2 protein chains.
Amino acid sequence: MRLSASQSRLATRGAACTNAPLGRPRDESINTEVVAAVLQVLKTRGYRAVTIEGIARRVRTARTSLYRRWPSKRHLVAYAVVSEMGASPAADTGALREELEAAVRTLLRAFSGPLGHALPGLVADMAQDPELAATIREEVLAARRNSMRDAFARAMAREEIRKDLDIELLLDMLTGPFYYRALFGHAPITARMTLDTVKYIIRIASRR
Amino acid sequence: MRLSASQSRLATRGAACTNAPLGRPRDESINTEVVAAVLQVLKTRGYRAVTIEGIARRVRTARTSLYRRWPSKRHLVAYAVVSEMGASPAADTGALREELEAAVRTLLRAFSGPLGHALPGLVADMAQDPELAATIREEVLAARRNSMRDAFARAMAREEIRKDLDIELLLDMLTGPFYYRALFGHAPITARMTLDTVKYIIRIASRR
DNA sequence: ACGTTCCGCTACATAGCGTAGCGTATCTGC
DNA sequence: GCAGATACGCTACGCTATGTAGCGGAACGT
C-alpha cells in the first residue's frame with residue numbers, strides 16, 4: 001500500500017514528487033476522507049455507484065479537486081482498494097495447513113468487505129487499462145500469493161510435500177475458487193469451503 | 001442457447017410470444033447480424049467497445065430497432081454470448097481423466113474467443129443485474145458444470161473415486177483457475193495447465 | 001511582496017444510454 | 001380490398017457521467 005497517486009500512473013501534475021514542495025500544500029485530509037468515502041460506497045452500493053461527483057459531494061469538495069489527484073475514476077478506486085488491502089499476515093507457524101488456512105481466511109474476510117463489492121467493476125476496468133491491471137496485480141494479489149508461495153517453499157524444504165509441484169497452479173487452485181464464486185455468485189463462500197479447499201490442496205501436495 | 005430476448009428478461013413488447021404473429025414480422029436477419037457484430041467487436045476490441053450505436057451502424061440499422069429487441073446493452077451482450085456458447089460436448093468415454101480434459105479444453109478455447117474478451121465486462125454487469133447474472137449462470141456456466149458433474153458421478157458409480165467428495169468445490173477448483181487467470185491475467189492459460197489441473201483434481205478424488 | 005500551488009466554483013464539451021413520436025412498410029384476418 | 005397491428009428507420013430529446021478549462025482567492029515558501 002502507500003501507493004502514491006502519481007506513482008501508479010501519473011497524477012494531474014507533479015505534487016508530492018518534488019522533494020521541495022512549493023506553493024500551497026495539498027490538504028491531506030481530503031485524501032483520507034476520499035478513500036474512506038470510496039470504500040464506504042463500494043461496500044454499501046457497489047462499484048457502479050462510485051462516481052467522482054458523488055464522492056466529491058460526500059467529502060464536501062469539488063470534482064476538480066479529485067481530478068487534480070487521480071487522473072480518472074479507475075485510479076481513484078484502485079488507490080482506495082490498495083490503501084485498504086495491505087499485505088496479508090502469513091505467519092510462519094511451521095504447519096502448512098495452518099498457514100494456508102490463515103491465508104485463505106483473509107480472502108474469506110476480504111470478500112465480505114469493500115473488495116468483494118469492488119471486484120467485478122475493478123476487473124472490468126483492469127481489462128481495458130493494462131497499467132491499472134499491473135498495479136492491482138502487484139499491490140493486491142501479489143502480496144497474498146507471495147505469503148502462500150513461501151508457505152509451500154518452507155513445507156517443501158521440510159520435505160513435507162512433493163517436489164514436482166506446479167506451485168503457481170496450486171495457488172490458483174487454492175484461491176481461484178474464491179474469486180470464481182465471488183464474481184459469478186453460483187455458490188457461497190463459507191468457512192467450511194476454506195477448510196475443504198486447503199484439505200484438497202494438501203492432498204495434492206502430500207507425498208504419495 | 002436459443003435464448004429468446006423476451007425470455008431472459010422481457011423484450012420491449014410481446015413479439016415471438018403469441019403463437020398468432022400479428023402485424024409485420026421481425027426481420028430475423030437483423031437478429032443474427034447483430035449477434036455476429038457483437039461477437040466480432042467483443043473479440044477484436046473488447047466489451048467496452050460494444051455500444052448500441054456502434055452495433056447498429058455495423059448492421060446498418062437504427063438504435064431503436066435494437067432497443068425493440070433487447071431492453072439494454074447488457075441483455076444484448078448476454079444474448080450474443082449465450083447464442084455462441086452452446087452446451088459443451090461431454091462425451092461419456094468411460095474415463096474420468098479424458099472427460100475432464102475434454103471439458104476443460106473447451107474452457108481453454110472459449111477464453112480465446114469472444115467470451116474471453118467479454119468476461120470482465122460481463123462480470124461487472126452481472127454484479128448489478130441479478131437477473132442477468134442468473135441468466136448467464138444458467139445458460140453459460142451451468143451447461144459446462146453439469147457435464148463435468150456427470151463425469152464425476154459416473155466415476156463414482158464405477159467406484160473409481162472416493163465418495164466423500166464435495167463435488168461442487170472440485171468443480172470450482174478445476175475451472176476456477178481458468179476464470180481467475182482470464183480475469184486477472186497474472187498467468188497464461190495453456191494446454192499444459194489444463195492437463196496439470198485435471199491431474200491434480202484426480203489426485204484429490206482418487207481413493208486412498 | 002512574490003511566485004507557486006491548491007481549493008472551490010462555474011462552465012463547457014463529449015459519450016453513451018434509453019425513450020418518444022412520426023411516417024412508412026409488411027403482415028394477418030375479415 | 002381494407003382495417004388493425006406490428007416492425008422499420010428516422011429525428012429529437014433527456015439523462016448521467018466523464019473529463020477539461022479558466023477564474024478568484026487562499027496557503028505556503030523565499
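Here is the naming used below: chain letters follow the sequence lines, and residue numbers restart at 1 for every chain. Note that this is a predicted model, so its numbers are computed, not measured. When reading the values below, keep in mind they use all heavy atoms of this one structure, side chains included, and skip hydrogens, waters and symmetry mates.
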Interatomic distance, Arg48(B) CZ vs dG16(C) P [rounded to whole Å]: 8 Å
Side-chain N,O (Arg26(A)) to OP1/OP2 (dC6(C)) below 4.0 Å: yes
Presence of donor-acceptor pair under 3.5 Å, side chain of Arg24(B) and base of dA25(C): yes
Residues 30-39 of chain B, side-chain donor-acceptor partners within the protein, below 3.5 Å, at least two apart:
from: Asn31(B); atom 1: OD1; to: Tyr79(B); atom 2: OH; distance (Å): 3.1
from: Thr32(B); atom 1: OG1; to: Ser29(B); atom 2: O; distance (Å): 3.0

Sugar-phosphate, base or nothing in reach of Thr61(A), heavy atoms under 4.0 Å: sugar-phosphate
Short side-chain N/O contact to dC8(D) OP1/OP2 from Arg69(B), under 4.0 Å: yes
Met126(A) and Pro120(B), any side-chain heavy atoms less than 4.5 Å apart: no
Rounded interatomic separation in angstrom, taking CZ from Arg57(B) and P from dC10(D): 13 Å
Separation of dA15(C) P from Ile52(A) CD1 (nearest whole Å): 19 Å
Rounded distance (nearest 0.5 Å) linking atom CG of Asp172(B) with atom CZ of Arg181(A): 4.0 Å
Option passing salt bridge (Lys or Arg N to Asp or Glu O under 4.0 Å) with Glu53(A) (candidates Arg58(A), Lys73(A), Arg63(A)): Arg63(A)
Any donor-acceptor N/O pair, Thr61(B) side chain to Arg57(B) backbone, under 3.5 Å: no
Length of the line joining Leu66(A):CG and dC6(C):C1', which is rounded to integer Å: 13 Å
Proximal nucleotide (of dT5(C), dC8(D), dT28(C)) relative to the Leu22(B) side chain: dT28(C)
Atom pair distance, as rounded to whole Å: CD1 in Ile30(B) and C1' in dT26(C): 13 Å
Rounded distance (Å) that lies between atom P of dT5(C) and atom OH of Tyr67(A): 23 Å
Polar contact flag, side-chain donor to acceptor under 3.5 angstrom, Arg144(B)-Thr106(B): yes
Most 5' of Arg60(B) and Lys73(A) on DNA chain D, judged by nearest nucleotide: Arg60(B)
Atom-pair distance (CD on Glu28(B); P on dA7(D)), nearest Å: 11 Å
Closest-nucleotide 5' rank along DNA chain D - winner of Arg63(B) and Gly23(B): Gly23(B)
Short side-chain N/O contact to dA17(D) OP1/OP2 from Thr51(A), under 4.0 Å: no
Euclidean distance, atom CD of residue Glu53(A) to atom P of dT14(C) [Å, nearest integer]: 20 Å
Angle by which the axis turns from one end of the helix from dA1(C)-dT30(D) to dC30(C)-dG1(D) to the other, five pairs per end, to 10 degrees: 10°
With sequence neighbours excluded, residues passing side-chain contact (heavy atoms from CB on, under 4.5 Å) with Ala95(B): Thr93(B), Glu98(B)
Heavy-atom side-chain proximity of His75(B) to Thr135(B) below 4.5 angstrom: no
Sugar-phosphate, base or nothing in reach of Thr64(A), heavy atoms under 4.0 Å: base
Comparing Pro25(B) and Ala62(A) on DNA chain C - which has the more 5′ nearest nucleotide: Ala62(A)
